[in-house]
Chemist: 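What follows is a structure written as structure tokens; I'll ask about it next.
Note that the structure is predicted; figures quoted are calculated from it, not measured.
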Amino acid sequence: MTKPLAKPKSLKAQITRTSLVLAAAALLRERGPEAVTYRKVAEWAGAASSSVGYYFESVTDLLYEAGCYNIELWIARAEKVAQTADALSDEECRERVVDLLVEACLPDDTVSMSAHYAQLIAASEAPVVTEAYRKGREALDAAVNRILVHAGVSLAPSVVGALVDGGAVKAISEGYDVREVVRDLLKAAIG
């Protein structure tokens with residue numbers, strides 16, 4: 001992977017570059033990596049197609065930054081939930097641990113679960129996206145681990161991730177409510 005160009009100096013250039021990354025990240029989330037083209041990103045950002053090539057050496061560089069942006073969104077969500085858990089007593093955290101984990105690990109109701117999981121699977125088509133997601137996983141797992149430790153639950157964050165993602169795919173493919181299936185799996189694992 002080539003290095004992205006240096007960040008632009010002027011405010012207008014920074015805004016343009018940021019709008020291109022946000023558009024690419026939205027395309028990546030909604031339609032997968034194959035949808036991230038110079039033309040489509042420029043269209044979604046309301047910018048000239050040439051601006052994408054000006055700020056990014058390749059679609060690969062843009063995809064990497066879009067992947068980094070997306071994982072940062074998911075980390076921020078999990079961190080916010082971990083902060084909520086930190087404010088609870090140990091007992092309250094233990095009582096609410098399943099709901100806290102669901103909130104930390106699944107997108108909110110504004111996001112289509114099937115689209116979310118389809119784009120995660122499609123990320124394998126773009127190694128730079130999987131690289132960005134893999135690098136961000138450590139911070140995501142750290143936030144989930146804070147919740148688990150505070151609640152006194154001895155599951156590894158990777159096990160929680162597997163239960164959540166596996167339950168979500170099961171629910172989506174079989175027509176069940178994702179949150180309900182994931183809650184049931186987590187309750188069974190936590191005991």
Side-chain angles (χ1 to χ4, degrees), residues 1-83 101-144 157-158 160-162 164-165 168-169 172 178-179 182:
M1 182 184 87
T2 58
K3 293 258 184 193
L5 297 174
K7 292 203 175 176
K9 303 268 189 239
S10 76
L11 180 59
K12 182 180 179 195
Q14 289 175 18
I15 291 169
T16 300
R17 188 176 191 287
T18 299
S19 72
L20 295 171
V21 171
L22 295 177
L27 274 165
L28 178 59
R29 285 191 312 272
E30 293 179 26
R31 300 188 182 169
E34 74 286 344
V36 179
T37 64
Y38 277 11
R39 184 185 63 74
K40 193 53 112 175
V41 168
E43 180 184 313
W44 277 41
S49 291
S50 61
S51 66
V52 183
Y54 178 79
Y55 292 107
F56 300 94
E57 289 182 13
S58 67
V59 170
T60 300
D61 291 334
L62 181 55
L63 271 169
Y64 180 74
E65 290 205 33
C68 288
Y69 178 81
N70 285 343
I71 194 73
E72 286 299 324
L73 287 177
W74 304 327
I75 292 166
R77 177 191 62 225
E79 271 297 318
K80 182 179 176 186
V81 177
Q83 289 172 1
L101 292 171
V102 167
E103 189 179 342
C105 297
L106 287 176
D108 66 27
D109 290 333
T110 65
V111 176
S112 161
M113 288 291 182
S114 58
H116 176 73
Y117 280 94
Q119 73 88 23
L120 288 177
I121 293 166
S124 68
E125 299 166 15
V128 294
V129 176
T130 59
E131 178 186 347
Y133 288 178
R134 190 180 312 115
K135 285 181 178 178
R137 174 56 70 174
E138 187 175 318
L140 191 58
D141 283 350
V144 169
S158 60
V160 171
V164 170
D165 292 342
V169 171
I172 291 165
V178 170
R179 283 179 173 70
V182 168

Chemist: Side chains of Tyr55 and Leu62: closer than 4.5 Å at any heavy-atom pair?
Modeler: no
Chemist: What distance do Tyr54 atom OH and Arg17 atom CZ have between them, rounded to the nearest 0.5 Å?
Modeler: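 That separation rounds to 11.0 Å.
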Chemist: What distance do Glu72 atom CD and Glu65 atom CD have between them, rounded to the nearest 0.5 Å?
Modeler: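 It comes to 12.0 Å.
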Chemist: Between Val164 and Leu101, does a side-chain contact (heavy atoms from CB on, under 4.5 Å) hold up when you go through it step by step?
Modeler: CA-CA 9 Å; Val164 170; Leu101 292 171; 5.7 Å; no
Chemist: Could you measure the distance from the NZ atom of Lys12 to the CD1 atom of Ile15? Nearest 0.5 Å is fine.
Modeler: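 So the gap between those two atoms works out to 9.5 Å.
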Chemist: Return the set of residues passing ring pair (Phe, Tyr, Trp, His ring centres under 6.0 Å) with Tyr69 (not counting sequence neighbours), or none when no residue passes.
Modeler: none
Chemist: Specify the closest pair of heavy atoms between Cys105 and Val160, including all atoms of both residues, with the distance to one decimal.
Modeler: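 For Cys105 and Val160, the tightest heavy-atom pair comes out as SG-CG1, 4.0 Å.
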Chemist: List the atom of Ile71, the atom of Gly136, and the distance in Å for their closest heavy-atom pair.
Modeler: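 That would be CG1-CA, 3.6 Å.
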Chemist: To the nearest 0.5 Å, what is the distance between CG on Asp165 and OG on Ser158?
Modeler: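 The distance works out to 11.5 Å.
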Chemist: Ala143 and Glu79: which non-hydrogen atoms are nearest, and at how many Å?
Modeler: CB-OE2, 3.5 Å
Chemist: Do Glu30 and Ser112 have side-chain heavy atoms sitting under 4.5 Å apart?
Modeler: no
Chemist: How close do Leu20 and Val41 get, heavy atom to heavy atom, and via which atoms?
Modeler: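 Of all heavy-atom pairs spanning Leu20 and Val41, the closest is O-CG1, 3.5 Å.
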Chemist: Name all pairs fulfilling the salt bridge (charged side-chain N to carboxylate O under 4.0 Å, His left out) condition that reach into residues 108-118, sequence neighbours left out, sorted by first residue then second.
Modeler: Asp109-Arg179
Chemist: What distance separates Met113 CE from Ile172 CD1, expressed to the nearest 0.5 Å?
Modeler: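 Separation between the atoms: 7.0 Å.
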Chemist: Using 4.0 Å as the upper bound for N to carboxylate O, is an ion pair formed by Glu131 and Arg134?
Modeler: no
Chemist: Once you round to the nearest 0.5 Å, how far does CD1 of Ile75 lie from SG of Cys68?
Modeler: 9.0 Å
Chemist: Closest approach of Tyr133 and Ala123, non-hydrogen atoms and distance?
Modeler: CE1-CB, 3.9 Å
Chemist: Kindly indicate whether the side chain of Val111, heavy atoms from C-beta on, has any atom under 4.5 Å from the side chain of Arg29.
Modeler: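 Of all side-chain heavy-atom pairs linking Arg29 with Val111, none is under 4.5 Å.
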Chemist: Closest heavy-atom contact between Gly32 and Ala122?
Modeler: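 That would be CA-CB, 4.4 Å.
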Chemist: Quick one: which residue pairs count as a ring pair (Phe, Tyr, Trp, His ring centres under 6.0 Å) with a foot in residues 113-132, not counting sequence neighbours?
Modeler: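 The answer is Trp74-His116.
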Chemist: Go through the steps for Val59 and Thr37 under the test side-chain contact (heavy atoms from CB on, under 4.5 Å), then give the verdict.
Modeler: CA-CA 7 Å; Val59 170; Thr37 64; 5.6 Å; no
